[in-house]
Amino acid sequence: MNLDFTPEEQAFRDEVRAFIAEQYPKHLGDTGLREDLPREDFLAWHKVLGAKGWSVPAWPTEYGGTGWTPTQRYIWSEENARVNALMPLPFGVSMVGPVIYTFGNDEQKAQHLPGIRDGSVWWCQGYSEPGAGSDLASLKTTAVRDGDHYVINGQKTWTTLAQYADWGFFLCRTDPDAEKPQQGISFILIDMKTPGVEVKPIKLLDGGYEVNETWLTDVRVPVENLVGVENQGWTYAKFLLAHERSGIAGVARSKRGVEKLREIAGSEQLDGEPLMSDFDFARKVSQLEIDLAALEITELRTLAGEQAGKGPGPESSILKIKGTEIQQRLTELTLEAVGSYGTPYYGSIANDTGSNEYQIGPDYASHSAATYFNMRKTSIYGGSNEIQRNIITKMILGL
Ligand SMILES: Cc1cc2nc3c(=O)[nH]c(=O)nc-3n(C[C@H](O)[C@H](O)[C@H](O)COP(=O)(O)OP(=O)(O)OC[C@H]3O[C@@H](n4cnc5c(N)ncnc54)[C@H](O)[C@@H]3O)c2cc1C
């Protein structure tokens, strides 16, 4: 792939850059990946993009996609990462949306795709259960047919930001007697306001609130909310996971993170010299950049494949592993660079806009420890990296 931008691509980049400069909600500032924002802040940029027709670039054009080339999508990600934009959340845009337009019926497309596009409907993911994470096919939540409804009972866990969700996509067991556990699972859409749905917070060690337990007790869901064919949900679930994993790679954001790390290491001192001139530290930063460049090319190849009609397959596991390892190393090096300034605990105070709480050390240090710890999650969610290695071994290497 030729990575030099053509004049048309440069014009596109200028257009995108100007649009972001003008339209990105100013009050969001440099929020980036923060998980502790009010619902409206999470949706602010999504709504602007929805109005412009740019909220779901990767979708087929008939469902509202932009039809951008892989290079245009690359430019789009880069330009958003430049301002650390808070991008539309993945649960609707890159997870359930593609499942609905690929496997859903016309009514489901008409009912659900517009709300995902314009950012008015928030989705959550009900896959994992206590005892069914890596071994997802062992899930126990049941959906039992009762006339024109399913009656659903069970417990999901780690449901990210379900406290804001209007709808959820859930994996439920519809055939407990199937020969293989994968064969008895269905993919069902649930209105989170349905009686019997209960979302309970899982409070994190630092007081943060981004994950939940979701309890389902005699939840009556119309059979129209079944996506595709009953007991075929495992196929749709895997299709969704491939989309989810590709999205986790976060190359453009990591590139910006490396730039920031270089700035920090240029300001921090070691024995009277900028840390960046320390050979050992500079070597670690360079190695990170080399790995990131390799990942970027791999991601571009995947994007080009998608353009040619090849959806993300098992190679999304490579993107997931490498992307999350890089994100974690980036936070490790940032914490190393700020040294003892990373130690003070600010809780949520430092996050509050307009807070005048006394802060020890430079701004860039205040969240470095919290971010370091929070980013440990990336090698677990979306299917742990060990499981991704198993997938690569089986599906790509054929071992
Ligand atoms: C922050 C966060 C957000 C999440 N959000 C959601 C969400 O919104 N919706 C949702 O449904 N789920 C969500 N998850 C759940 C996530 O998908 C699971 O945590 C993940 O799949 C791992 O499952 P587990 O936690 O049950 O760990 P386990 O499956 O118990 O695994 C424990 C350890 O054993 C290893 N292991 C297990 N089996 C194997 C094997 N066969 N080979 C090698 N190693 C193995 C794993 O890699 C891991 O290190 C989230 C998780 C986190 C941390």
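Counting starts at 1 for both ligands and their atoms, in listed order. Along the sequence shown, the residues carry numbers beginning at 1.
- Of all the heavy atoms of Ile387, the ones lying under 4.0 Å from any atom of ligand 1 belong exclusively to the side chain.
- In summary, Arg13 and Glu78 do not engage in a salt bridge, as defined by a charged side-chain N under 4.0 Å from a carboxylate O.
- Per-residue contacts place Lys377 under 4.0 angstrom from the following atoms of ligand 1 (heavy atoms of the residue considered): 1 (C).
- The closest protein non-hydrogen atom to atom 52 (C) of ligand 1 is Tyr381 CB, 3.7 Å.
- Figure legend: Lys200 and Trp215 shown as a cation-pi pair, the cationic atom lying under 6.0 angstrom from the six-membered ring centre and within 45 degrees of its axis.
- Under a 4.0 Å criterion applied to the non-hydrogen atoms of Glu386, ligand 1 contributes the atoms 43 (C), 44 (N), 46 (C), 47 (O), 49 (O).
- Electrostatic pairing of Arg262 and Glu259 does not count as a salt bridge here, judged by no charged N lying under 4.0 Å from a carboxylate O.
- Between the side chains of Tyr63 and Lys109, at least one donor N or O lies within less than 3.5 Å of an accepting N or O.
- Proximity of Ile380 to ligand 1, defined as any heavy-atom pair under 4.0 Å, is shared by backbone and side chain alike.
- Protein heavy atom closest to atom 46 (C) of ligand 1, with residue, atom name and distance, is Ser384 OG, 3.5 Å.
- For atom 9 (N) of ligand 1, the closest non-hydrogen atom on the protein side is Gln125 O, 2.8 Å.
- For atom 30 (O) of ligand 1, no protein non-hydrogen atom is found at a distance below 4.0 Å.
- Close approach to Tyr127 involves these atoms of ligand 1, each under 4.0 Å from a residue heavy atom: 11 (O).
- A ring-centre distance under 6.0 Å is found for Trp45 and Tyr24.
- Of the protein's non-hydrogen atoms, the one nearest atom 42 (N) of ligand 1 is Asn390 ND2, 3.1 Å.
- Between Arg376 and Glu332 there is a salt bridge, since a side-chain N of the basic residue sits under 4.0 Å from a carboxylate O of the acidic one.
- Of the protein's heavy atoms, Thr160 OG1, 3.3 Å lies nearest to atom 3 (C) of ligand 1.
- When only non-hydrogen protein atoms are considered, atom 12 (N) of ligand 1 lies nearest to Ser128 OG, 2.7 Å.
- Annotation: cation-pi pair Lys52/Phe19 present, NZ/CZ under 6.0 Å from the ring centroid and within 45° of its normal.
- Asp118 and His46 are not linked by any side-chain donor-acceptor pair at a separation below 3.5 angstrom, with hydrogens and angles left out of the test.
- Under the 3.5 Å distance criterion, with hydrogens and angles disregarded, a donor-acceptor pair is assigned to the side chains of Glu296 and Tyr74.
- Atom 20 (C) of ligand 1 lies below 4.0 Å from at least one non-hydrogen atom of the protein.
- Aromatic rings from Trp76 and Phe12 are positioned such that their centres are separated by 6.0 Å or more.
- Of the protein's heavy atoms, Trp158 O, 2.7 Å lies nearest to atom 6 (C) of ligand 1.
- In this structure, atom 34 (O) of ligand 1 is not in close contact with the protein, since no protein heavy atom lies within 4.0 Å of it.
- The pair Lys255-Glu289 does not meet the salt-bridge criterion, since no charged nitrogen lies less than 4.0 angstrom from a carboxylate oxygen.
- With ligand atoms numbered from 1 in the order given, ligand 1 contributes 3 (C) to contacts under 4.0 Å with heavy atoms of Val211.
- Nearest-residue assignment for atom 28 (P) of ligand 1 (options Ala132, Ser134, Gly133, Gly131; heavy-atom criterion): Ser134.
- By the criterion of a heavy-atom distance under 4.0 Å, neither the backbone nor the side chain of Asn385 is placed next to ligand 1.
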